Structure formats: C-alpha cells, structure tokens
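What you see below is based on every heavy atom in this structure, not just the backbone, and it leaves out hydrogens, waters and symmetry mates. Please read these numbers as outputs of a predicted model, since none were measured by experiment.
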Amino acid sequence: MRPRIVLVSLAFVSGCTAGPSLETRGAVTASPGDSEHLTIGSAGFTESDLLAQMYALLLEQAGYKTSMLTVANRELYEPALESGQIDVVPEYAATFADWLNAKTNGADAPPAGSPDLDATMAALRKLATPRGLTVLAPGRAVDQNAFAVTETYARRHHLKTLGDLGRSGLKVRLAAGDECVQRPYCEPGLKKTYGIDITAVDPKGVGTTQAKRAVQNGQDQMVLTTTTDATLDDFGLVLLADDKHLQNADYIVPVVNRSRAGSEGVTKALGKLNDVLTTDDLASMNQQVDSWRRLPQDVARTYLEDKGLLK
C-alpha cells in the first residue's frame, strides 16, 4: 500500500502553532509517543520527496499507517512538526541546527552547524529537545554544498580536489548564488581555506541549469552545486573533493515529534535506512526522478526492495 499524498496549501499550515511554550515543553518531552497513524512531511523538492516516501514505506512495513504532507517552506513545516500536525520529516543536520539556532537565539547567533558531525548533532539535539523534537541518528548520506568543474578542465590541470585547484594558482570565475560573496562556505571560504583565486561570482544560482551551462561553455570555470546533484554528467561536470572539510556536516537525519513518534518502533524502522543509503544512492535516485521522469514513490519502493528492506 502506498502512502496517501496530501498537498497542503500554505494557508492551512500557517495555522499551525509555533510549538509548545516554554512553560509546557516539559510535558511534551516527558515521554515518547507511539501514534498508530503518522504524517510524514516533505519539503517538496525531489530529494525530500524520495526520503519521505522511503520513510513512509518503512513505517508502513513496521505496522504504522501513514499519510504525507508536502510543505515547501521550513518556516511553515517546522512549527507543524512541533505542534504534531507533522510527525516525521527528513532534515539536514547542520542546516537544521543553524535554522533552529537562529529561531531560538536570533539571526546573529554564532552558527550551530559545523563540518564536525558529532558537534553538529550535539548542538542540533540541544536545540531540538526543548521544542518537543527528537533527532534520530544520521546515516552515511550527506547533501552538502559542492563545487564542480568540467571533466576536461579537471583533466587538463590535474584537479581532483579543491586543494589541487588552490595550489594550481588558476584564476576562477564561479557560477553561484548572489549570497556566495558573503557565505563562509563559498567565496570567502574558498579563498581562505583553499587559497583559490576567485576573480568573480557569476550570480546564476546554486546548481541551476544556467549556472552549469556557463561552466560547460567556458564562461565560468566552476559552479556551486550539491553532492547529490543528479545532472552533472549531462553537462560534462565533475565534483572536486572538499579535502579540507570547508562544508558543514549536512548529513540526512530524520526528525520526529517526540510525543507522537518518539517510540523505539519508529526509531528502529527508520534506522534501517542508515545501514544502506549513501550519497551516491541519493544522487542516482534524484536522477531517476529529475532526468528519467520516474515517480518518487516508484523509485523509493524499488530502492528499498533492491536493498532488501521491503518484503
């Protein structure tokens, strides 16, 4: 049986409460719940849809009934998770830690996420627990910011890592988002950590077709994308390894509403995915949906069956 998918209007979700008050959070976090019916949240992009579908299938096999809500805005789905309108969502450890940190401590608070997974998870759980949320264990799959060049460029200059590029002394025009000039993981970090000579940032977005074409045709030399980008081969691009760990630990983690989905049954069911899912697996599944036009639920089911996780 496939999970029921419900597309939710922003007006509906905006009615969610902002989560438990400071006075009542103790009750929310007092004991883990085990609701029979669980609502899985998706952020509405391919990878989130795939993860949500896999979560739903694994939970159904464990005896839960599931439905899905697609809410594309974290500002809306996170309060829905706190309030119990959503019970489970796939998240990214460092990004979610920084988001909760800003929500809790203000936009100018020092970052909570870092390249250190253990430190990031500790910070994330400290921020999530008072909100009635439980962050389950991360697996091996990570969706980090990443940088790609053409295969020809990499071969010509003997580049496999960002460190290689820094040592080469090559001048690099970077296709990325507007914010790259200020973000520590982007232009400033590439210069400071790797010594890469960034001559300009071409504001074409993160991993967009326009940005990748600009690198493909030689207008730019490198593009900001992600480690699970499914279309790099289509443009003749390859990733350069982040050998000095500039990027934050954006490992995929399930986050659950503790009072409804904090049970051992949920943890065990979702934990099965950690043993098999890799970054390359996610990129492959993204490609099947984005390039081959397969349905996320079909790709998710086939993957779980192939890995022996579905009977």
Side-chain angles (χ1 to χ4, degrees), residues 45-47 92 94-95 114-117 140-252 277-293:
F45 57 94
T46 296
E47 188 167 288
Y92 301 89
T95 295
S114 75
D116 185 318
L117 177 59
R140 293 182 287 164
V142 57
D143 189 352
Q144 294 171 299
N145 294 301
F147 296 89
V149 298
T150 65
E151 291 183 81
T152 302
Y153 185 85
R155 186 168 54 251
R156 181 188 307 136
H157 298 291
H158 309 289
L159 306 176
K160 293 185 177 180
T161 69
L162 290 170
D164 292 340
L165 182 57
R167 288 185 291 272
S168 74
L170 292 164
K171 296 185 181 298
V172 175
R173 180 177 166 93
L174 175 65
D178 292 338
E179 69 280 0
C180 178
V181 296
Q182 298 177 329
R183 295 287 173 86
Y185 67 80
C186 205
E187 181 184 4
L190 292 173
K191 290 180 175 179
K192 180 178 180 180
T193 302
Y194 288 106
I196 297 173
D197 186 1
I198 305 294
T199 60
V201 172
D202 188 3
K204 286 184 165 57
V206 179
T208 62
T209 296
Q210 183 185 21
K212 282 180 274 197
R213 282 179 177 161
V215 176
Q216 183 184 39
N217 65 28
Q219 178 182 344
D220 300 329
Q221 287 73 51
M222 188 163 68
V223 60
L224 170 62
T225 182
T226 67
T227 52
T228 60
D229 190 323
T231 63
L232 293 178
D233 287 347
D234 298 341
F235 298 89
L237 303 178
V238 293
L239 294 179
L240 296 181
D242 181 19
D243 50 318
K244 294 184 180 179
H245 306 293
L246 172 63
Q247 302 305 321
N248 281 346
D250 261 330
Y251 285 75
I252 292 163
L277 185 65
T278 67
T279 303
D280 287 343
D281 290 343
L282 266 182
S284 175
M285 286 190 280
N286 285 338
Q287 183 180 39
Q288 291 176 56
V289 175
D290 292 336
S291 298
W292 304 355
R293 302 304 178 192

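- In terms of heavy atoms, Cys180 sits closest to Pro188 at O-CD, 3.4 Å.
- Partners of Arg293 according to the side-chain contact (heavy atoms from CB on, under 4.5 Å) rule, which considers only residues two or more places apart in sequence or in another chain, do not exist here.
- The salt bridge (charged side-chain N to carboxylate O under 4.0 Å, His left out) test applied to Asp197 returns Lys171, not counting sequence neighbours.
- Atom CG of Leu240 sits about 7.5 Å away from atom CD1 of Ile196, to the nearest 0.5 Å.
- Residues that satisfy the side-chain hydrogen bond (donor to acceptor under 3.5 Å, both in side chains) test with Lys160, not counting sequence neighbours, are absent from this structure.
- Between the side chains of Thr231 and Asp234, no donor-acceptor pair of N or O atoms lies under 3.5 Å.
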Donor-acceptor contacts under 3.5 Å from residues 217-225 side chains, at least two apart:
from   : atom 1 : to     : atom 2 : distance (Å)
Asn217 : OD1    : Gln219 : N      : 2.9
Asn217 : ND2    : Arg213 : O      : 3.2
Gln219 : NE2    : Asp202 : OD2    : 3.4
Asp220 : OD1    : Arg173 : NE     : 2.6
Gln221 : OE1    : Arg173 : N      : 2.7
Thr225 : OG1    : Asp229 : OD2    : 2.4

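- Expressed to the nearest 0.5 Å, how far NZ of Lys212 lies from CG of Leu237 amounts to 7.5 Å.
- Of all non-hydrogen atoms in Gln287 and Ala230, the two that sit nearest each other are N-CB, 3.1 Å.
- Every residue meeting the side-chain contact (heavy atoms from CB on, under 4.5 Å) condition with Gln288, not counting sequence neighbours, appears here in chain and number order: Ser284, Met285, Trp292, Arg294, Val299.
- The main-chain N or O of Thr161 is never found under 3.5 Å from a side-chain atom of Asp243 such that the two would form a donor-acceptor pair.
- Qualifying side-chain contact (heavy atoms from CB on, under 4.5 Å) partners for Thr46, counting only residues two or more places apart in sequence or in other chains: Leu50, Asn286, Val289, Asp290.
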What donor-acceptor contacts under 3.5 angstrom involve side-chain atoms of residues 144-156, with partners at least two apart or in another chain?
from   : atom 1 : to     : atom 2 : distance (Å)
Gln144 : NE2    : Asn248 : O      : 2.7
Thr150 : OG1    : Tyr153 : N      : 3.0

field: Derivation and outcome, side-chain contact (heavy atoms from CB on, under 4.5 Å), residues Leu174 and Cys186
entry: CA-CA 10 Å; Leu174 175 65; Cys186 205; 4.0 Å; yes
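- Atom CG in Leu165 sits 5.5 Å away from atom CG in Leu159 (nearest 0.5 Å).
- The side-chain hydrogen bond (donor to acceptor under 3.5 Å, both in side chains) check on Arg167 picks up Asp164, with sequence neighbours excluded.
- Taking both residues in full, the closest heavy atoms of Gly205 and Ala211 are given as O-CB, 3.8 Å, listed atom of the first, atom of the second, then distance.
- Gln247 places a side-chain N or O within donor-acceptor distance of the main-chain N or O of Tyr185, the cut-off being under 3.5 Å.
- Taking both residues in full, the closest heavy atoms of Thr227 and Thr279 are given as O-CG2, 3.7 Å, listed atom of the first, atom of the second, then distance.
- Here the CD atom belonging to Glu47 is positioned 4.5 Å from the CD1 atom belonging to Ile252, to the nearest 0.5 angstrom.
- Residues passing the side-chain contact (heavy atoms from CB on, under 4.5 Å) test with Lys192: none are found, sequence neighbours excluded.
- Checked against side-chain hydrogen bond (donor to acceptor under 3.5 Å, both in side chains), Asp242 has the following partners two or more places apart in sequence or in another chain: Tyr194.
- For Thr193, there are no side-chain hydrogen bond (donor to acceptor under 3.5 Å, both in side chains) partners at least two apart in sequence or on another chain.
- Side chains of Val215 and Phe235 form no contact here, defined as non-hydrogen atoms less than 4.5 Å apart.
- Under the salt bridge (charged side-chain N to carboxylate O under 4.0 Å, His left out) criterion, Lys244 pairs with no residue, sequence neighbours left out.
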